[in-house]
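What follows is a short report on a single structure.
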2 protein chains.
Amino acid sequence: MQTKRQIELVEAAIRVTANDGIQKLTIRNVASAIGVSEAAVYRHFASKHELLQAILVHLDSLLAPQFATLHASQGSYKEALTKFINDLFTLLEHNTAFTLMLFAEETFNVDIQLKPQLDALLSGNLKQLAKFYTDAIAEKRCRADLKPIELAMITFGTIRLYVSRWHMQDQPTNLMDYAAPVTASLSTLFSLQ
Amino acid sequence: MQTKRQIELVEAAIRVTANDGIQKLTIRNVASAIGVSEAAVYRHFASKHELLQAILVHLDSLLAPQFATLHASQGSYKEALTKFINDLFTLLEHNTAFTLMLFAEETFNVDIQLKPQLDALLSGNLKQLAKFYTDAIAEKRCRADLKPIELAMITFGTIRLYVSRWHMQDQPTNLMDYAAPVTASLSTLFSLQ
DNA sequence: TGTACGTTAGTAATCGTTAACTTACTCTGG
DNA sequence: CCAGAGTAAGTTAACGATTACTAACGTACA
(Lines give C-alpha, C1' and ligand atoms only; values in the text may rest on other atoms or scores of the structure.)
Protein backbone atom coordinates (compact mmCIF):
# COMPACT_ATOMS: atom_id res chain seq x y z
CA MET A 1 0.00 0.00 0.00
CA GLN A 2 1.50 3.30 -1.12
CA THR A 3 0.78 6.78 0.20
CA LYS A 4 0.70 9.82 -2.06
CA ARG A 5 3.98 11.06 -0.70
CA GLN A 6 5.61 7.68 -1.29
CA ILE A 7 4.51 7.76 -4.90
CA GLU A 8 5.88 11.27 -5.28
CA LEU A 9 9.21 10.09 -3.91
CA VAL A 10 9.31 7.05 -6.16
CA GLU A 11 8.56 9.15 -9.22
CA ALA A 12 11.25 11.61 -8.22
CA ALA A 13 13.69 8.74 -7.75
CA ILE A 14 12.90 7.42 -11.20
CA ARG A 15 13.46 10.85 -12.71
CA VAL A 16 16.80 11.20 -10.97
CA THR A 17 17.97 7.77 -12.09
CA ALA A 18 16.82 8.22 -15.67
CA ASN A 19 18.51 11.61 -15.96
CA ASP A 20 21.80 11.04 -14.23
CA GLY A 21 22.27 7.32 -13.78
CA ILE A 22 22.08 4.99 -10.82
CA GLN A 23 25.11 6.58 -9.16
CA LYS A 24 23.15 9.77 -8.64
CA LEU A 25 20.23 7.98 -7.07
CA THR A 26 20.96 9.21 -3.56
CA ILE A 27 18.60 10.07 -0.77
CA ARG A 28 19.82 13.64 -0.96
CA ASN A 29 19.04 13.98 -4.65
CA VAL A 30 15.63 12.40 -4.32
CA ALA A 31 14.79 14.63 -1.38
CA SER A 32 15.85 17.82 -3.11
CA ALA A 33 13.97 16.75 -6.24
CA ILE A 34 10.73 17.23 -4.35
CA GLY A 35 12.07 20.03 -2.19
CA VAL A 36 12.37 18.43 1.22
CA SER A 37 15.24 17.46 3.49
CA GLU A 38 16.91 14.08 3.48
CA ALA A 39 15.47 13.18 6.83
CA ALA A 40 11.97 13.72 5.47
CA VAL A 41 12.47 10.82 3.09
CA TYR A 42 12.91 8.52 6.05
CA ARG A 43 9.43 9.44 7.26
CA HIS A 44 8.16 7.50 4.24
CA PHE A 45 10.76 4.83 3.60
CA ALA A 46 12.61 3.05 6.35
CA SER A 47 15.73 2.63 4.23
CA LYS A 48 17.10 3.12 0.76
CA HIS A 49 16.49 -0.55 0.10
CA GLU A 50 12.76 -0.05 0.64
CA LEU A 51 12.78 2.89 -1.72
CA LEU A 52 14.45 0.75 -4.37
CA GLN A 53 11.86 -1.96 -3.86
CA ALA A 54 9.08 0.59 -4.25
CA ILE A 55 10.66 1.80 -7.48
CA LEU A 56 10.56 -1.70 -8.92
CA VAL A 57 6.93 -2.17 -7.91
CA HIS A 58 6.11 1.16 -9.52
CA LEU A 59 7.94 0.36 -12.74
CA ASP A 60 6.17 -2.97 -12.92
CA SER A 61 2.79 -1.31 -12.44
CA LEU A 62 3.59 0.97 -15.38
CA LEU A 63 4.87 -1.73 -17.69
CA ALA A 64 2.36 -4.46 -16.98
CA PRO A 65 -0.63 -2.63 -18.54
CA GLN A 66 1.42 -2.12 -21.68
CA PHE A 67 1.90 -5.84 -22.09
CA ALA A 68 -1.73 -6.39 -21.28
CA THR A 69 -2.71 -4.49 -24.42
CA LEU A 70 -1.22 -7.37 -26.38
CA HIS A 71 -4.11 -9.64 -25.51
CA ALA A 72 -6.86 -7.04 -25.55
CA SER A 73 -6.44 -6.34 -29.22
CA GLN A 74 -9.04 -7.77 -31.53
CA GLY A 75 -7.25 -7.35 -34.82
CA SER A 76 -4.68 -9.48 -36.54
CA TYR A 77 -1.38 -10.52 -35.06
CA LYS A 78 0.35 -7.81 -37.02
CA GLU A 79 -2.07 -5.14 -35.81
CA ALA A 80 -1.74 -6.25 -32.21
CA LEU A 81 2.04 -6.18 -32.32
CA THR A 82 2.01 -2.83 -34.08
CA LYS A 83 -0.28 -1.34 -31.47
CA PHE A 84 1.82 -2.79 -28.65
CA ILE A 85 5.08 -1.37 -29.95
CA ASN A 86 3.51 1.95 -30.87
CA ASP A 87 1.95 2.34 -27.43
CA LEU A 88 5.15 1.33 -25.72
CA PHE A 89 7.32 3.68 -27.74
CA THR A 90 4.88 6.53 -27.28
CA LEU A 91 5.01 6.02 -23.54
CA LEU A 92 8.80 5.90 -23.53
CA GLU A 93 9.11 8.94 -25.76
CA HIS A 94 6.63 10.95 -23.73
CA ASN A 95 8.50 10.35 -20.53
CA THR A 96 12.11 9.36 -20.94
CA ALA A 97 12.23 8.26 -17.33
CA PHE A 98 10.10 5.30 -18.28
CA THR A 99 13.01 3.98 -20.30
CA LEU A 100 14.21 2.62 -16.97
CA MET A 101 11.34 0.16 -17.11
CA LEU A 102 12.91 -1.83 -19.87
CA PHE A 103 16.34 -1.96 -18.33
CA ALA A 104 15.46 -2.44 -14.70
CA GLU A 105 17.56 -5.54 -14.28
CA GLU A 106 20.59 -3.81 -15.73
CA THR A 107 20.18 -0.64 -13.73
CA PHE A 108 19.23 -1.92 -10.30
CA ASN A 109 21.69 -4.76 -9.95
CA VAL A 110 23.27 -2.66 -7.24
CA ASP A 111 21.33 -4.10 -4.35
CA ILE A 112 21.87 -7.84 -4.46
CA GLN A 113 18.71 -8.48 -2.47
CA LEU A 114 16.62 -7.03 -5.28
CA LYS A 115 17.69 -9.77 -7.67
CA PRO A 116 14.62 -11.98 -7.23
CA GLN A 117 12.31 -9.04 -7.89
CA LEU A 118 14.26 -8.02 -10.97
CA ASP A 119 14.13 -11.54 -12.27
CA ALA A 120 10.40 -11.72 -11.63
CA LEU A 121 9.80 -8.44 -13.43
CA LEU A 122 11.60 -9.51 -16.58
CA SER A 123 10.20 -13.02 -16.50
CA GLY A 124 6.68 -11.68 -16.12
CA ASN A 125 6.99 -9.50 -19.16
CA LEU A 126 8.47 -12.29 -21.21
CA LYS A 127 5.68 -14.61 -20.14
CA GLN A 128 3.08 -12.13 -21.35
CA LEU A 129 4.82 -11.83 -24.70
CA ALA A 130 5.11 -15.61 -24.97
CA LYS A 131 1.42 -16.00 -24.25
CA PHE A 132 0.66 -13.52 -27.02
CA TYR A 133 2.63 -15.63 -29.46
CA THR A 134 1.13 -18.85 -28.16
CA ASP A 135 -2.30 -17.52 -29.05
CA ALA A 136 -1.11 -16.19 -32.39
CA ILE A 137 0.33 -19.59 -33.29
CA ALA A 138 -2.80 -21.41 -32.15
CA GLU A 139 -4.85 -19.21 -34.44
CA LYS A 140 -2.41 -19.80 -37.25
CA ARG A 141 -1.54 -16.13 -37.49
CA CYS A 142 2.13 -16.66 -36.71
CA ARG A 143 4.77 -19.08 -37.90
CA ALA A 144 4.91 -22.19 -35.75
CA ASP A 145 8.49 -23.35 -36.29
CA LEU A 146 9.77 -21.32 -33.34
CA LYS A 147 8.68 -21.70 -29.75
CA PRO A 148 6.63 -18.85 -28.25
CA ILE A 149 9.33 -18.12 -25.67
CA GLU A 150 11.90 -17.81 -28.43
CA LEU A 151 9.71 -15.38 -30.33
CA ALA A 152 9.24 -13.47 -27.10
CA MET A 153 12.98 -13.29 -26.42
CA ILE A 154 13.68 -12.07 -29.93
CA THR A 155 10.92 -9.48 -29.71
CA PHE A 156 11.89 -8.11 -26.33
CA GLY A 157 15.60 -8.21 -27.02
CA THR A 158 15.17 -6.34 -30.27
CA ILE A 159 12.92 -3.70 -28.75
CA ARG A 160 15.37 -3.15 -25.93
CA LEU A 161 18.31 -2.65 -28.24
CA TYR A 162 16.42 -0.15 -30.37
CA VAL A 163 15.37 1.81 -27.30
CA SER A 164 18.89 1.60 -25.92
CA ARG A 165 20.39 3.07 -29.07
CA TRP A 166 17.78 5.79 -29.20
CA HIS A 167 18.46 6.66 -25.58
CA MET A 168 22.17 6.96 -26.29
CA GLN A 169 21.90 9.43 -29.11
CA ASP A 170 23.15 12.95 -28.70
CA GLN A 171 20.52 14.99 -30.44
CA PRO A 172 17.02 13.97 -29.35
CA THR A 173 15.23 12.21 -32.18
CA ASN A 174 11.83 10.61 -32.37
CA LEU A 175 11.72 7.13 -30.95
CA MET A 176 8.56 6.66 -32.97
CA ASP A 177 10.63 6.86 -36.13
CA TYR A 178 12.22 3.63 -34.98
CA ALA A 179 8.86 2.02 -34.26
CA ALA A 180 7.91 1.41 -37.86
CA PRO A 181 11.07 -0.53 -38.79
CA VAL A 182 10.89 -2.67 -35.66
CA THR A 183 7.27 -3.59 -36.20
CA ALA A 184 7.79 -4.19 -39.86
CA SER A 185 10.83 -6.35 -39.30
CA LEU A 186 9.28 -8.51 -36.60
CA SER A 187 5.93 -8.99 -38.29
CA THR A 188 7.65 -9.82 -41.55
CA LEU A 189 9.83 -12.39 -39.82
CA PHE A 190 7.10 -13.96 -37.73
CA SER A 191 4.15 -13.97 -40.08
CA LEU A 192 3.09 -17.02 -42.05
CA GLN A 193 4.42 -17.29 -45.53
CA MET B 1 49.86 2.13 -24.77
CA GLN B 2 49.20 0.02 -21.70
CA THR B 3 51.69 -1.21 -19.14
CA LYS B 4 51.37 -4.63 -17.50
CA ARG B 5 50.26 -3.07 -14.25
CA GLN B 6 47.60 -1.02 -16.02
CA ILE B 7 46.20 -4.15 -17.59
CA GLU B 8 46.18 -5.88 -14.22
CA LEU B 9 44.24 -2.97 -12.76
CA VAL B 10 41.77 -2.92 -15.62
CA GLU B 11 41.15 -6.64 -15.31
CA ALA B 12 40.65 -6.26 -11.56
CA ALA B 13 38.24 -3.41 -12.16
CA ILE B 14 36.25 -5.53 -14.60
CA ARG B 15 36.08 -8.33 -12.07
CA VAL B 16 34.87 -6.00 -9.35
CA THR B 17 32.20 -4.50 -11.57
CA ALA B 18 30.98 -7.83 -12.88
CA ASN B 19 30.73 -9.29 -9.40
CA ASP B 20 29.24 -6.47 -7.39
CA GLY B 21 27.91 -3.88 -9.81
CA ILE B 22 29.12 -0.48 -10.91
CA GLN B 23 28.48 1.03 -7.47
CA LYS B 24 31.27 -1.08 -6.06
CA LEU B 25 33.73 -0.01 -8.73
CA THR B 26 35.78 2.20 -6.42
CA ILE B 27 39.48 2.92 -6.40
CA ARG B 28 39.64 1.28 -2.99
CA ASN B 29 38.09 -1.97 -4.19
CA VAL B 30 40.19 -2.14 -7.31
CA ALA B 31 43.34 -1.49 -5.31
CA SER B 32 42.60 -4.16 -2.72
CA ALA B 33 41.67 -6.60 -5.48
CA ILE B 34 45.32 -6.68 -6.52
CA GLY B 35 46.63 -6.11 -3.01
CA VAL B 36 47.98 -2.57 -3.17
CA SER B 37 47.02 0.73 -1.60
CA GLU B 38 44.66 3.22 -3.18
CA ALA B 39 47.43 5.67 -3.81
CA ALA B 40 49.25 3.04 -5.83
CA VAL B 41 46.43 3.05 -8.36
CA TYR B 42 47.18 6.69 -9.07
CA ARG B 43 50.69 5.78 -10.13
CA HIS B 44 49.11 4.12 -13.14
CA PHE B 45 45.95 6.12 -13.80
CA ALA B 46 45.69 9.85 -13.30
CA SER B 47 42.04 9.64 -12.33
CA LYS B 48 39.12 7.30 -12.08
CA HIS B 49 37.91 8.62 -15.41
CA GLU B 50 41.07 7.38 -17.10
CA LEU B 51 40.60 3.98 -15.50
CA LEU B 52 37.07 3.82 -16.87
CA GLN B 53 38.34 4.76 -20.31
CA ALA B 54 40.95 2.02 -20.14
CA ILE B 55 38.25 -0.49 -19.18
CA LEU B 56 36.27 0.37 -22.28
CA VAL B 57 39.32 0.04 -24.49
CA HIS B 58 40.05 -3.33 -22.92
CA LEU B 59 36.51 -4.61 -23.34
CA ASP B 60 36.55 -3.53 -26.94
CA SER B 61 39.81 -5.34 -27.57
CA LEU B 62 38.22 -8.50 -26.19
CA LEU B 63 34.99 -8.22 -28.10
CA ALA B 64 36.30 -7.09 -31.47
CA PRO B 65 38.11 -10.37 -32.30
CA GLN B 66 34.93 -12.26 -31.52
CA PHE B 67 33.06 -10.29 -34.13
CA ALA B 68 35.93 -10.70 -36.52
CA THR B 69 35.35 -14.46 -36.59
CA LEU B 70 32.14 -13.76 -38.48
CA HIS B 71 34.05 -12.88 -41.60
CA ALA B 72 36.95 -15.28 -41.30
CA SER B 73 34.92 -18.42 -41.68
CA GLN B 74 35.18 -20.48 -44.87
CA GLY B 75 31.94 -22.39 -44.52
CA SER B 76 28.33 -21.33 -44.94
CA TYR B 77 26.87 -18.26 -43.32
CA LYS B 78 24.84 -20.40 -41.00
CA GLU B 79 28.02 -22.10 -39.87
CA ALA B 80 29.70 -18.74 -39.41
CA LEU B 81 26.87 -17.47 -37.21
CA THR B 82 26.90 -20.73 -35.25
CA LYS B 83 30.61 -20.46 -34.68
CA PHE B 84 30.32 -16.81 -33.69
CA ILE B 85 27.64 -17.47 -31.09
CA ASN B 86 29.34 -20.60 -29.81
CA ASP B 87 32.65 -18.82 -29.42
CA LEU B 88 31.03 -15.83 -27.77
CA PHE B 89 29.03 -17.91 -25.31
CA THR B 90 32.05 -20.03 -24.50
CA LEU B 91 34.05 -16.93 -23.74
CA LEU B 92 31.31 -15.46 -21.56
CA GLU B 93 30.77 -18.72 -19.73
CA HIS B 94 34.45 -19.25 -19.13
CA ASN B 95 34.87 -15.84 -17.61
CA THR B 96 31.67 -14.33 -16.32
CA ALA B 97 33.33 -10.95 -15.96
CA PHE B 98 33.37 -10.67 -19.73
CA THR B 99 29.61 -10.38 -19.67
CA LEU B 100 30.24 -6.70 -19.09
CA MET B 101 31.40 -6.48 -22.69
CA LEU B 102 27.92 -6.86 -24.03
CA PHE B 103 26.36 -4.37 -21.67
CA ALA B 104 29.01 -1.70 -21.55
CA GLU B 105 26.67 1.10 -22.53
CA GLU B 106 24.23 0.15 -19.81
CA THR B 107 26.84 -0.27 -17.12
CA PHE B 108 29.16 2.64 -17.73
CA ASN B 109 26.67 5.41 -18.37
CA VAL B 110 27.85 6.84 -15.08
CA ASP B 111 30.50 9.08 -16.52
CA ILE B 112 28.77 11.31 -19.05
CA GLN B 113 32.04 11.98 -20.86
CA LEU B 114 32.32 8.30 -21.77
CA LYS B 115 29.16 8.44 -23.86
CA PRO B 116 30.90 8.87 -27.24
CA GLN B 117 33.14 5.88 -26.55
CA LEU B 118 30.22 3.74 -25.44
CA ASP B 119 28.32 4.70 -28.55
CA ALA B 120 31.30 3.89 -30.73
CA LEU B 121 31.76 0.50 -29.10
CA LEU B 122 28.18 -0.57 -29.70
CA SER B 123 28.02 0.92 -33.17
CA GLY B 124 31.22 -0.81 -34.17
CA ASN B 125 29.90 -4.21 -33.16
CA LEU B 126 26.63 -3.64 -34.93
CA LYS B 127 28.45 -2.55 -38.05
CA GLN B 128 30.40 -5.82 -38.11
CA LEU B 129 27.20 -7.82 -37.79
CA ALA B 130 25.55 -5.74 -40.51
CA LYS B 131 28.47 -6.35 -42.84
CA PHE B 132 28.12 -10.06 -42.26
CA TYR B 133 24.49 -9.92 -43.30
CA THR B 134 25.25 -7.65 -46.25
CA ASP B 135 27.58 -10.30 -47.62
CA ALA B 136 25.10 -13.08 -46.95
CA ILE B 137 22.35 -11.21 -48.77
CA ALA B 138 24.63 -10.43 -51.70
CA GLU B 139 25.29 -14.13 -52.12
CA LYS B 140 21.59 -14.89 -51.77
CA ARG B 141 22.14 -16.93 -48.67
CA CYS B 142 19.93 -14.78 -46.46
CA ARG B 143 16.48 -13.33 -46.88
CA ALA B 144 16.65 -9.93 -48.52
CA ASP B 145 13.43 -8.30 -47.33
CA LEU B 146 15.08 -6.87 -44.22
CA LYS B 147 17.97 -4.44 -44.19
CA PRO B 148 21.31 -5.73 -42.90
CA ILE B 149 21.27 -3.29 -39.99
CA GLU B 150 17.85 -4.56 -38.96
CA LEU B 151 19.09 -8.14 -39.02
CA ALA B 152 22.08 -7.01 -36.99
CA MET B 153 19.90 -5.28 -34.38
CA ILE B 154 17.70 -8.34 -34.03
CA THR B 155 20.71 -10.62 -33.71
CA PHE B 156 22.54 -8.55 -31.15
CA GLY B 157 19.42 -7.68 -29.17
CA THR B 158 18.45 -11.33 -28.95
CA ILE B 159 21.91 -12.44 -27.90
CA ARG B 160 22.05 -9.78 -25.23
CA LEU B 161 18.73 -10.75 -23.72
CA TYR B 162 19.69 -14.42 -23.58
CA VAL B 163 22.96 -13.58 -21.89
CA SER B 164 21.23 -11.16 -19.55
CA ARG B 165 18.76 -13.79 -18.40
CA TRP B 166 21.49 -16.35 -17.97
CA HIS B 167 23.53 -13.89 -15.95
CA MET B 168 20.57 -13.21 -13.66
CA GLN B 169 19.87 -16.79 -12.76
CA ASP B 170 20.48 -18.01 -9.26
CA GLN B 171 21.80 -21.47 -9.79
CA PRO B 172 24.58 -21.47 -12.37
CA THR B 173 23.47 -23.05 -15.62
CA ASN B 174 25.29 -23.54 -18.87
CA LEU B 175 25.12 -20.58 -21.20
CA MET B 176 26.19 -22.94 -23.95
CA ASP B 177 22.82 -24.67 -23.71
CA TYR B 178 21.28 -21.52 -25.14
CA ALA B 179 23.68 -21.25 -28.05
CA ALA B 180 22.00 -23.88 -30.19
CA PRO B 181 18.44 -22.52 -29.78
CA VAL B 182 19.56 -18.97 -30.52
CA THR B 183 21.45 -20.02 -33.59
CA ALA B 184 18.61 -22.21 -34.79
CA SER B 185 16.00 -19.51 -34.26
CA LEU B 186 17.95 -16.81 -36.06
CA SER B 187 19.02 -19.03 -38.94
CA THR B 188 15.47 -20.19 -39.46
CA LEU B 189 14.07 -16.69 -39.32
CA PHE B 190 16.68 -15.24 -41.60
CA SER B 191 16.78 -18.20 -44.00
CA LEU B 192 20.48 -18.20 -43.43
CA GLN B 193 22.44 -20.81 -45.33
C1' DT C 1 -3.39 15.35 23.16
C1' DG C 2 -1.41 12.56 19.94
C1' DT C 3 -0.10 11.60 15.29
C1' DA C 4 1.79 12.80 10.79
C1' DC C 5 5.30 15.21 8.72
C1' DG C 6 8.54 18.28 8.54
C1' DT C 7 13.09 20.51 10.32
C1' DT C 8 18.29 21.03 11.89
C1' DA C 9 22.29 19.02 13.03
C1' DG C 10 24.62 15.60 13.68
C1' DT C 11 26.88 10.47 13.12
C1' DA C 12 30.42 6.99 11.19
C1' DA C 13 31.77 5.24 6.86
C1' DT C 14 33.26 5.79 2.35
C1' DC C 15 34.31 8.42 -1.84
C1' DG C 16 38.15 10.32 -5.15
C1' DT C 17 42.34 12.44 -4.63
C1' DT C 18 46.79 14.30 -2.88
C1' DA C 19 51.15 15.09 -0.11
C1' DA C 20 55.22 13.36 1.74
C1' DC C 21 58.11 9.79 2.10
C1' DT C 22 60.47 5.05 1.14
C1' DT C 23 62.33 1.44 -1.60
C1' DA C 24 64.44 -0.67 -5.46
C1' DC C 25 66.07 -0.51 -9.85
C1' DT C 26 68.68 1.68 -13.87
C1' DC C 27 71.57 4.82 -16.15
C1' DT C 28 75.77 7.56 -16.35
C1' DG C 29 80.45 9.90 -15.46
C1' DG C 30 84.98 9.44 -13.40
C1' DC D 1 83.87 -0.71 -11.06
C1' DC D 2 81.25 1.96 -8.67
C1' DA D 3 79.28 6.44 -6.45
C1' DG D 4 75.48 9.13 -7.38
C1' DA D 5 71.50 10.89 -9.83
C1' DG D 6 67.07 9.77 -11.64
C1' DT D 7 62.95 7.26 -11.85
C1' DA D 8 59.14 3.81 -11.24
C1' DA D 9 56.14 2.15 -7.92
C1' DG D 10 54.97 1.41 -3.62
C1' DT D 11 53.68 3.19 1.35
C1' DT D 12 51.00 5.97 5.26
C1' DA D 13 48.16 9.52 6.40
C1' DA D 14 45.52 12.72 5.51
C1' DC D 15 41.88 16.19 2.75
C1' DG D 16 37.13 17.70 1.83
C1' DA D 17 32.98 16.00 -0.02
C1' DT D 18 29.35 12.79 0.10
C1' DT D 19 27.03 8.53 1.56
C1' DA D 20 23.00 6.32 4.30
C1' DC D 21 21.03 7.12 8.37
C1' DT D 22 19.41 9.02 13.14
C1' DA D 23 18.30 11.80 17.32
C1' DA D 24 15.97 15.67 18.96
C1' DC D 25 12.94 19.00 18.11
C1' DG D 26 8.96 21.99 15.82
C1' DT D 27 4.31 22.41 14.05
C1' DA D 28 -0.25 21.68 12.02
C1' DC D 29 -4.32 19.28 12.55
C1' DA D 30 -7.78 15.40 14.06
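Since the model is a prediction, treat every value here as computed from it, not as a measurement. First the proteins, then the strands, lettered A, B, ... as listed; each starts at 1.
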Between Tyr162(B) and Tyr178(B), how do the two ring planes meet: parallel, tilted or perpendicular, split at 30° and 60°? tilted

Test of understanding: clusters of I, L, V, M, F, W, Y form through side-chain heavy atoms closer than 4.5 Å, transitively. Do Val16(B) and Phe98(B) belong to the same one? no

Does Val163(A) belong to the same Ile/Leu/Val/Met/Phe/Trp/Tyr cluster as Met176(A), with side-chain heavy atoms less than 4.5 Å apart forming each link? yes

Rounded interatomic separation in angstrom, taking [atom1] from [X] and [atom2] from [N]:
| X | N | atom1 | atom2 | answer |
| --- | --- | --- | --- | --- |
| Phe45(B) | dA8(D) | CZ | C1' | 15 Å |
| Glu50(A) | dC21(D) | CD | C1' | 13 Å |
| Glu8(B) | dG10(D) | CD | C1' | 14 Å |
| Tyr42(A) | dG10(C) | OH | P | 19 Å |
| Arg43(A) | dG26(D) | CZ | P | 14 Å |

Distance-only, no hydrogens or angles: does the Thr158(A) side chain make a donor-acceptor pair with backbone N or O of Ile154(A) under 3.5 Å? yes

Sort and list the pairs that fulfil ring pair (Phe, Tyr, Trp, His ring centres under 6.0 Å) and have at least one residue in residues 121-146 of chain B, not counting sequence neighbours. Tyr77(B)-Phe132(B), Tyr133(B)-Phe190(B)

Any protein N or O atoms within reach of nucleotides 11-15 of chain C? Criterion: under 3.5 Å, listing atom names and distances.
none

Closer to the 5' end of DNA chain C via nearest nucleotide, is it Ala39(B) or Arg5(A)? Arg5(A)

Decide, yes or no, whether a salt bridge links Glu11(B) with Lys4(B) under the criterion of side-chain N to carboxylate O below 4.0 Å. no

Any His44(A) side-chain N or O less than 4.0 Å from OP1/OP2 of dG6(C): yes

